[in-house]
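Following: one structure in structure tokens, then a few remarks.
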Protein chains: 2
Amino acid sequence: MARKSGSNGEKTAKELRKAATVLFAKNGYAAVSMRQIAREVGVQAGALYLYTPDKQALLFDLMDEHMQDILQAWEGRAQPHAITPIERLKCFVRFHIRFHLPRADEVFISYMELRNLTPENFEVIQSARRTYEAILHDILSDGQADGTFKLVDTKVATFAIIAMLTGMNTWYRGEGRLSLDMVEDIYLDMVLSAAGAKR
Amino acid sequence: MARKSGSNGEKTAKELRKAATVLFAKNGYAAVSMRQIAREVGVQAGALYLYTPDKQALLFDLMDEHMQDILQAWEGRAQPHAITPIERLKCFVRFHIRFHLPRADEVFISYMELRNLTPENFEVIQSARRTYEAILHDILSDGQADGTFKLVDTKVATFAIIAMLTGMNTWYRGEGRLSLDMVEDIYLDMVLSAAGAKR
DNA sequence: GTCTATACGTCGATAGAC
DNA sequence: GTCTATCGACGTATAGAC
């Protein structure tokens, strides 16, 4: 990375976020130093403090932005109001996969670095996560009520389905034998079956 | 923790492993210092190096022992040879849940601290994990072959089911509204349905 | 906006007394 | 088997020059 000169504030701010995301995901928040991040950005460590009050705020901002992005992306998705629970569930599964897969680093951080947040910051992120889980839970509850789904417990099913879907990030790489469309169909099939819906 | 005097080697060794497990799980390997661990054990930091050559070996030993424990527990489980794929799958799900739930710290470490292993140590742990995943994959393949299961892809299903089951560790606490037996039944139901098996 | 220099603490690991 | 003392490196964060 070459040194910069002159005014680069906006660009540096963006590069800082990107470098921190990559390094935190790869090595973990606690194992990454501000000096490492600065080296990646191409500035000295002290200059980073023009863009973040401290390292903790940097982590929190990355996680908070990620959670806000998810919720906003869901609100503004293409299909605003599917009719049946089964269509809504399909819509959710596709959304989850398509949103999470291209953001492997952000997803990884948001799951792995929860324990490195201060209690106050932790609560904010957890609250956003609960909001997201509630989206799926509402779908399952509605489908359960009208007989579309046959679940023993909708709350457990919410956790199970999200864990199953997010787990894809740990193994899927675009270069493998399966295209994104194929994987999407495979997970759709398993989720609908797990929910007790006929296909 | 009270100070010790006299010969306590064996006891200290065990306490070291326990303290490291708890602290690594709670705060992360990189964020925990040898001094913290020593304080928990009740000795000075230097004394820890009688029991481990360095911090990395300590992490690896914990993870390796955990993986070996899983594999040995599976080999020596009560039901040595179930007949049908469906019974074998039920057996696996019950085993996974019953083994992982009481070992929340070890499971957490084994998933979260992979990136803090040296490449050589990482390969050892990954190999053990693949061995474990192959157990489930064999069951799914056999059931697929004889028509018991209806899966689009048994490899993806292996990842999906393990992620779903292990995800339980992130939310289940014994004090909630659901007993272990109930949760086991809920997950059994979802796994069998996801595999396309009739109940 | 970025640099250099630095304060000050803590880290992993070792040496040698007991 | 454990202690105290210590080494050299590195951590976050700040101050002040340019």
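Just so we're on the same page: letters track the sequence lines, and every chain starts at 1. Given the structure is predicted, the values throughout are model-derived calculations rather than measurements.
- Side chains of B:Tyr29 and B:Ile109 form no contact here, defined as non-hydrogen atoms less than 4.5 Å apart.
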Steps toward ring pair (Phe, Tyr, Trp, His ring centres under 6.0 Å) verdict (B:Phe159, A:Tyr187): CA-CA 11 Å; B:Phe159 290 130; A:Tyr187 274 93; 9.4 Å; no

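- Note on B:Arg130 versus B:Glu123: salt bridge recorded, some NZ/NE/NH1/NH2 to OD/OE distance being below 4.0 Å.
- OP1 or OP2 of C:dG1 has not a single side-chain nitrogen or oxygen of A:Thr12 nearer than 4.0 Å.
- Straight-line distance from the NZ atom of A:Lys11 to the P atom of C:dG1: 15 Å, rounded to whole Å.
- For B:Tyr111 and A:Tyr111, the ring centers are positioned 6.0 Å apart or more.
- Counting heavy atoms from C-beta on, the side chains of A:Trp74 and A:His96 never come closer than 4.5 Å.
- Residues B:Glu40 and B:Leu16 are not in side-chain contact: their nearest non-hydrogen atoms beyond the backbone lie 4.5 Å or more apart.
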Base versus backbone protein contacts along nucleotides 12-18 of chain C [heavy-atom cut-off under 4.0 Å; B, S, -]: BBB----

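- Going from atom OH of A:Tyr51 over to atom P of D:dT14 covers 17 Å, rounded to whole Å.
- Computed from coordinates, the B:Glu10 CD to D:dT2 C1' distance equals 17 Å when rounded to whole Å.
- Phosphate proximity of D:dT4 to B:Gln44: present, with a side-chain N or O under 4.0 Å from OP1 or OP2.
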